[in-house]
Amino acid sequence: MREEFEIIAGTVEDITYINEDNGYSVFVVEVNGEPVTVVGVFPYINVGEQLELKGSFIIHPQYGQQFKAVEAVRRMPSSTAAILKYLSSGAIKGIGPATAQMIVSRFGEDTLDVIENNSEKLSIIRGISNEKAKRIGEEYLKLYGVREVMMKLSKFNITANEAMRIYKKFGLKSIEKIADNPYMLCKGNLGFSFTRADEIADNLENEVDSSFRAEAGIEYILKHNLSNGHTCLPKDKLLAVAQKMLSCDYDELESVLDNIIYSGGLTRAFINEEEFIFLPDYYSAEKYCANRILLSACVPPTEVPVSLSRLEQVERETGVIYDKVQKQAITTALSSGMLVLTGGPGTGKTTTLKAIISLLKENGEKIALAAPTGRAAKRMSELCGEDAKTIHRLLEVEWGENDRQIFKRNEKNPLEFNCIIVDELSMMDIKLFEALLKAMRVDCRLILVGDVDQLPSVGAGNVLNDIIESGVVSQVRLEKIFRQAQKSFIVTNAHRIIKGDMPKAQQSDSDFYIVNSNEPDELITSLYCTRLHDTFGFTPENTQVLCPSKKRKTGTVNINNKLQSIINPENLMTKKQIKRKGFVLREGDKVMQIRNNYDVIWTKQNGDQGSGIFNGDIGVLEKIDKQTSTITVNFDDKIAMFTGEEIDDITLAYAITVHKSQGSEFDCVILPVCDLPPQLKYRNLLYTAVTRAKKLLIIVGKGADIKAMIDNDKKTLRYTAFRQFLKGQISFNGDF
């Protein structure tokens with residue numbers, strides 16, 4: 001039975017509540033002189049607006065009669081009194097109550113027409129310059145358009161933020177374009193899944209062209225698989241998944257795919273006679289990176305000569321004795337244009353790098369040190385004794401529309417360095433690697449450092465592994481564990497794990513323990529809050545829980561909530577808190593930034609200022625200001641304030657995932673390996689987690705849990721073409 005709707009019209013008198021996340025609003029409308037409480041998804045409602053609302057009356061068990069609106073048509077206030085009330089509410093940026101009174105007194109019922117069509121006339125009002133008058137007019141037009149689009153999109157359960165992105169892309173034609181082809185929401189950076197576009201299509205009155213759906217489905221599968229690390233997919237696998245997802249005929253999908261490729265929407269290439277399909281920018285990225293590396297071999301930098309006697313002198317100066325393989329790495333780095341240096345913990349990568357840096361600087365070369373994340377860059381600085389930056393900061397990133405990265409350093413504006421050293425290369429995806437190579441001078445030396453046994457990058461690509469397997473770049477692998485490192489069970493067990501052997505744990509006087517419990521989450525809580533401090537002196541401040549998973553008993557969500565309830569319990573009298581999706585942020589919480597934000601300004605206690613808080617940075621939430629909707633976080637003496645959507649990038653950090661810990665080290669680590677889903681029981685994940693601990697590691701789980709992870713040495717399959725581009729094994733028609 002179809003629901004019957006009523007139409008009511010009136011003026012917004014009061015706003016009771018607006019949820020900024022989803023746009024759900026409660027407001028009072030005066031209808032024929034009577035107040036009516038209205039509920040529905042209508043962001044950006046302001047007092048004084050006149051609305052025509054479509055919906056039905058309901059009885060709320062607590063609040064009584066309400067009008068549940070599903071659609072609204074905005075009518076601008078027409079009387080002088082209504083216009084004054086509307087402008088005085090702060091609806092238009094730049095107009096407060098006093099300014100509103102002066103404007104309405106001057107223009108009366110024509111006020112809104114003047115603002116919309118002749119805003120320059122506002123400059124006759126005292127205090128409004130020509131520039132301000134123009135801004136007020138622009139704000140009004142933007143506001144009017146945004147609200148109309150948002151109100152109409154809300155019936156599709158599209159949130160305020162999503163509607164804003166749609167409006168920025170399509171403007172006032174947003175509704176028209178979506179009605180014609182809702183699957184365009186899957187494209188660009190609008191952030192809609194194919195499933196949601198499908199739901200919107202089902203709710204449209206008109207029938208959508210089936211080819212739009214097939215085209216969007218194919219492209220969506222490719223984009224979705226970027227998050228699985230794939231830069232491309234075999235054609236047969238792509239179409240098989242599409243056939244199952246779309247319930248379409250295979251031949252029809254193949255025809256649609258051919259049309260997309262013909263129009264330039266996708267790219268095809270053949271690898272070992274098998275057809276692969278790419279998103280064009282990822283095809284270009286892998287091809288460019290390969291060509292750029294091969295070009296470096298043709299235009300090598302000037303060799304820096306280093307004799308055996310000079311190396312012996314460096315050894316005397318530093319007190320470090322380099323083994324044969326380290327010396328090979330040093331001489332290769334100084335003689336070639338590119339070097340890949342790999343090795344596990346305790347194998348001397350840092351001491352080798354220090355020697356390379358020292359000899360290059362001695363030769364007058366200008367060197368840049370960089371890493372994919374802020375914490376990795378900070379750790380690189382501490383180990384090498386040199387300033388290191390994130391790759392984004394090195395390339396002077398700026399953020400364009402829809403958070404699109406724009407690098408100021410590029411082919412037209414290259415970096416002015418003779419040598420760039422990049423650490424934690426396993427974390428780098430192909431697009432970031434492309435940006436780095438584009439910003440390098442042709443004769444710039446590049447030294448790539450990483451541990452190929454660690455987890456691959458979160459983004460698409462398999463840069464370190466593909467370069468190593470191609471064999472086209474000079475590479476040195478350090479394998480010998482040095483004497484001092486041999487004293488650490490963390491180091492020796494990490495190497496045992498990567499070789500497929502079970503770790504050895506001592507019951508006392510060790511830095512590596514394995515413990516088990518029937519209630520692992522309770523054990524983790526006890527260790528974190530009291531036992532580690534009482535036994536070893538570690539506090540929550542220098543202890544980190546690393547969880548392979550977000551879900552289940554030993555996932556980050558449950559562990560964070562349990563630890564927060566003990567370490568920083570609720571006290572509404574002394575601590576402010578705000579609710580987020582699935583958790584609460586409270587003053588005093590240990591928190592983490594989960595996305596690079598280069599615009600956030602920070603201040604140190606000594607007055608120093610700078611900008612940039614990075615993905616993986618951990619700090620303490622010091623203040624929540626609900627009036628200004630801001631929070632203040634202290635990241636290692638960097639005090640930063642976040643507002644609006646920036647707060648969405650802050651999460652609890654008593655426990656973090658192993659993936660988020662890459663590039664970081666912690667004095668003490670608690671690692672649960674029990675109650676894991678099968679897809680997370682693999683060797684690389686365990687190895688990565690173990691190598692995050694500096695002084696103490698506690699594994700919570702049974703020996704069988706650990707053995708299951710060690711025995712599973714199946715490397716995560718990633719479809720990429722970078723290695724084949726490097727080796728010249730790509731073609732367009734299957735012929736080589």
Side-chain angles (χ1 to χ4, degrees), residues 341-350 376 379 424-427 449-457 462 464-465 468 477-507 509-516 520 524 527 544-549 554 656-717:
L341 178 64
T342 67
T347 57
K349 291 198 301 290
T350 300
R379 180 166 166 258
E424 298 288 357
L425 189 69
S426 62
M427 299 174 65
V449 185
D451 187 344
V452 74
D453 294 315
Q454 289 197 28
L455 293 171
S457 61
N462 204 2
L464 176 59
N465 195 65
I468 290 173
R477 178 164 186 149
L478 305 176
E479 297 182 295
K480 176 183 175 182
I481 307 174
F482 284 86
R483 185 179 303 172
Q484 189 165 349
Q486 289 176 1
K487 298 176 183 178
S488 168
F489 273 73
I490 294 172
V491 171
T492 55
N493 280 330
H495 286 270
R496 290 182 64 84
I497 288 167
I498 214 61
K499 290 177 181 177
D501 298 328
M502 281 290 289
K504 294 180 178 179
Q506 291 187 182
Q507 295 302 312
D509 192 28
S510 175
D511 59 1
F512 190 104
Y513 294 87
I514 300 172
V515 294
N516 187 39
I524 292 166
L527 286 167
Q544 186 61 57
V545 182
L546 299 185
C547 304
S549 174
T554 57
I656 64 175
T657 62
V658 176
H659 283 84
K660 278 293 180 187
S661 74
Q662 284 182 269
S664 303
E665 277 190 338
F666 308 96
D667 285 348
C668 176
V669 167
I670 303 171
L671 172 64
V673 298
C674 44
D675 191 34
L676 296 181
Q679 65 269 26
L680 292 178
K681 292 182 177 179
Y682 59 99
R683 187 185 298 179
N684 284 51
L685 189 143
L686 177 63
Y687 172 78
T688 300
V690 168
T691 55
R692 300 308 93 201
K694 286 199 294 186
K695 298 179 180 178
L696 180 66
L697 174 69
I698 309 288
I699 296 182
V700 176
K702 299 176 183 177
D705 298 322
I706 299 170
K707 189 174 189 306
M709 296 184 78
I710 292 173
D711 288 346
N712 183 8
D713 191 30
K714 294 180 181 178
K715 299 291 190 295
T716 304
L717 174 65

Trace of the side-chain contact (heavy atoms from CB on, under 4.5 Å) decision for T657 with K660: CA-CA 5 Å; T657 62; K660 278 293 180 187; 3.4 Å; yes
Donor-acceptor pair, [X] side chain versus [Y] backbone, under 3.5 Å?
X	Y	value
R379	E665	no
K349	G343	yes
Y682	Q679	no
R477	T342	no
D511	S488	no
T688	L455	yes
N493	F489	yes
D705	K702	yes

Looking at every heavy atom in both [X] and [Y], which two are closest together, and how far apart are they?
X	Y	answer
E424	R692	OE2-NH1, 4.3 Å
Q454	T691	NE2-OG1, 4.1 Å
A494	V690	CB-CG1, 4.1 Å

Does [X] reach the side chain of [Y], with side-chain heavy atoms less than 4.5 Å apart?
X	Y	value
D667	L696	no
S549	V658	no
N465	P456	no

I need the Q662 CD to S457 OG distance, nearest 0.5 Å. 8.5 Å
Hey, mind stepping through Q544 and I670 against side-chain contact (heavy atoms from CB on, under 4.5 Å) and telling me if it holds? CA-CA 6 Å; Q544 186 61 57; I670 303 171; over 6 Å; no
Between V700 and T554, is the side-chain contact (heavy atoms from CB on, under 4.5 Å) condition met? List the steps. CA-CA 10 Å; V700 176; T554 57; over 6 Å; no
